[in-house]
Structures are given as structure tokens and as C-alpha cells.
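Only this structure's heavy atoms are used, side chains among them; waters, hydrogens and symmetry mates stay out. These numbers were taken from a predicted model, which means no experiment stands behind them.
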Amino acid sequence: MRTHRPALVVIAHGSRDPRHAATVHALVRLVRSLRPHLRVETGFLDFNVPSVLGVLESLAAEGVRDVVALPLLLTRAFHAKADIPAVLRDAPPRLRIRQAEVLGPSPLLLAALERRLYEAGLTPADKSSTGVVLASAGSTDPEASAVIADIAREWRHTGWCAVRPAFASAASPTGIPRTEDAVRELRALGCAKVAVAPYVLAPGFLPDRIARGAAEADVLAGVLGPAPEVARVLLERYDAARHPALAAVGA
């Protein structure tokens, strides 16, 4: 007997920067390769096509009834709390839609961040002497800011000299500095090397600002992009939304 699988709709923010959509599509291709029998579609909130609503309408027209809508977001801020639920409310009523949780935080994302740092030139031997700036896009949402700070504290305990959270946008009212200020702080702390790890999924305006803020760092890692660990997190979030009772037991 074949198990019924809801379609997975990955909801990306979208960007005028063509690298953004290309990276999202590469990640989704990897997800499809990991679970070839799963229907996976991509919709964008803005700037790119297809739109989220367009994807949902197409699925409904094909006779699909069950959908897991997965925000391609690292923190639960405005888009996850307001924008995406608003779009999903306008979906065809015949669709049964479950909104999955955002990707972060997850130990797999920390593994992906380390992958990118090692790809940029660091080695495990550098870990104890290297300070890392965990640079995210930034948010005025206090919950999202607190999550970034918590991730930095957790990552520090894995052996880095120090880890500091930072925002690409203006310094946070919660005290999280800009990328360039965090780099200088780690340098003043005495770390032999300073590396910047962008906690972002795809290239674009704010990731470029992170790169500019990393000008005085020794190492700048790439965005998370289609890292295998990120693809695995997507599937974990899909499975948890599909079987919430099992996810609660495993929590």
C-alpha cells in the first residue's frame, strides 16, 4: 500500500538578485534527490516567480489536496509569523495546508556553518584560536534576535576561541552589533584569526553587506546555500509537520 505524502511547497523570500533564486533552486533540487518520491515545489513571496499563491493554485488544479508549506527562513520573525500565514489564508479552500516550522535553530545548521568555514580555508586545528562572527541578516523581532544570540553561545561551546552574533543591518536594540564591529571585538579579544560565518541561505543585498563588514576578517565563509545539512533540515521540518504527534514524542 502506497503511503500518502503531502506535497512540499518551499516558500522563499525572493530577491532582485538572480543569485538568490538560483541558490534556492539548487537547494530544492538537492531535497528532491534525497527524497525522489516526494513532490517538491518552490514559491516566492516577492520579486521572483512562481508566486506562492500561484504554486498552490496549480497544485489544487491538479487535484492535490494536502500540502506542507515550509518557510525557507532561519528564524521565526515577521515573514514566518505574518506574511506567510496571510498568503496561505488566500490559498484554494480545497487544499489542506500545514505550515512547517522555520529551519533554525538546528545542530545540522551549525554543521553546515562549519562546513562553509572549512571550505573557506579554516581547518579543525584552527578552531581553538579562531573567533567567529555569526552574521545574520538582522531582525527587529526580539524572538529572532534572542535565537541568534543563543546559537552563538551554543556554537562557542563546540571549541571556538569565541563566537559573537552580528547583524548585517543596523545594530540591534538588544545589543547585537554590526558585522564589522563584531570582527573588531574578536580581534581586540586576542583571537589569532577572525572568521565571518554568514547565517543566511542565499546571496543578496544583506549577505553582500555582511561581506563588506567582513573586510577586516581573515576568513569569510560562503552562504549556507545548498549544503546537504540544510537539505536534511528541510526534510526534518517536512516530516515534523506531516506527523506532528511523532515529532512531539521525539522532542
Side-chain angles (χ1 to χ4, degrees), residues 13 15 17 19-20 23 73-77 102-227 229-230 233:
H13 183 274
S15 171
D17 189 323
R19 297 173 298 167
H20 175 91
T23 302
L73 301 167
L74 294 171
T75 58
R76 193 171 176 275
V102 297
L103 303 185
S106 167
L108 285 170
L109 294 178
L110 288 182
L113 288 165
E114 294 210 5
R115 172 192 291 275
R116 295 303 187 222
L117 284 170
Y118 295 146
E119 289 171 351
L122 290 180
T123 70
D126 295 318
K127 202 166 183 178
S128 63
S129 60
T130 300
V132 179
V133 176
L134 178 69
S136 72
S139 174
T140 57
D141 187 297
E143 179 185 349
S145 296
V147 166
I148 297 300
D150 287 344
I151 292 170
R153 280 192 292 270
E154 179 183 346
W155 203 15
R156 163 69 182 85
H157 293 314
T158 66
W160 296 101
C161 173
V163 179
R164 294 289 187 271
F167 282 167
S169 52
S172 161
T174 59
I176 295 179
R178 297 175 304 167
T179 305
E180 51 267 42
D181 296 326
V183 168
R184 293 176 188 129
E185 180 184 344
L186 288 173
R187 191 74 74 192
L189 194 64
C191 298
K193 289 183 179 179
V194 176
V196 174
Y199 191 59
V200 292
L201 287 164
F205 175 76
L206 289 175
D208 284 348
R209 184 178 286 179
I210 289 173
R212 290 193 296 273
E216 297 178 21
D218 301 293
V219 173
L220 171 63
V223 299
L224 292 170
E229 297 88 352
V230 178
V233 176

Got a sec, which residues hit side chain to side chain donor-acceptor pair (under 3.5 Å) with E229, two or more places apart in sequence or on another chain?
->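 Only R115 meet the side chain to side chain donor-acceptor pair (under 3.5 Å) criterion with E229.
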Tell me, please, which residues at least two apart from E119 pass side chain to side chain donor-acceptor pair (under 3.5 Å).
->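 E119: side chain to side chain donor-acceptor pair (under 3.5 Å) contacts with R116.
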Is there a side-chain contact between [X] and [Y] in this structure, where contact means two heavy atoms from C-beta onward sitting under 4.5 Å apart?
| X | Y | value |
| --- | --- | --- |
| C191 | W160 | no |
| V200 | I210 | yes |
| L134 | I151 | yes |
| T158 | K127 | yes |
| D208 | P203 | no |

Which distance, rounded to the nearest 0.5 Å, do you find between the [atom1] of [X] and the [atom2] of [Y]?
| X | Y | atom1 | atom2 | result |
| --- | --- | --- | --- | --- |
| L74 | S139 | CG | OG | 12.0 Å |
| I148 | D141 | CD1 | CG | 11.0 Å |
| F167 | Y199 | CZ | OH | 11.5 Å |

Checking D218 side chain against V194 main chain: does a donor-acceptor pair fall under 3.5 Å?
->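 Confirmed, D218 side chain pairs with V194 backbone.
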Is the backbone N or O of E185 less than 3.5 Å from a side-chain atom of R164, with the two atoms forming a donor-acceptor pair by type?
->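 Checking the backbone N and O of E185 against the side chain of R164, no donor-acceptor pair under 3.5 Å is found.
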Among all residues two or more places apart in sequence or in another chain, which pass the salt bridge (charged side-chain N to carboxylate O under 4.0 Å, His left out) test with R153?
->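 By the salt bridge (charged side-chain N to carboxylate O under 4.0 Å, His left out) rule, R153 matches D150.
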Closest contact, heavy atoms only, V133 versus A166 |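 Minimum heavy-atom separation between V133 and A166: CG1-CB, 3.5 Å.
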Salt-bridge contact E143-R76 (side-chain N to carboxylate O under 4.0 Å) =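 Yes, charged N to carboxylate O under 4.0 Å.
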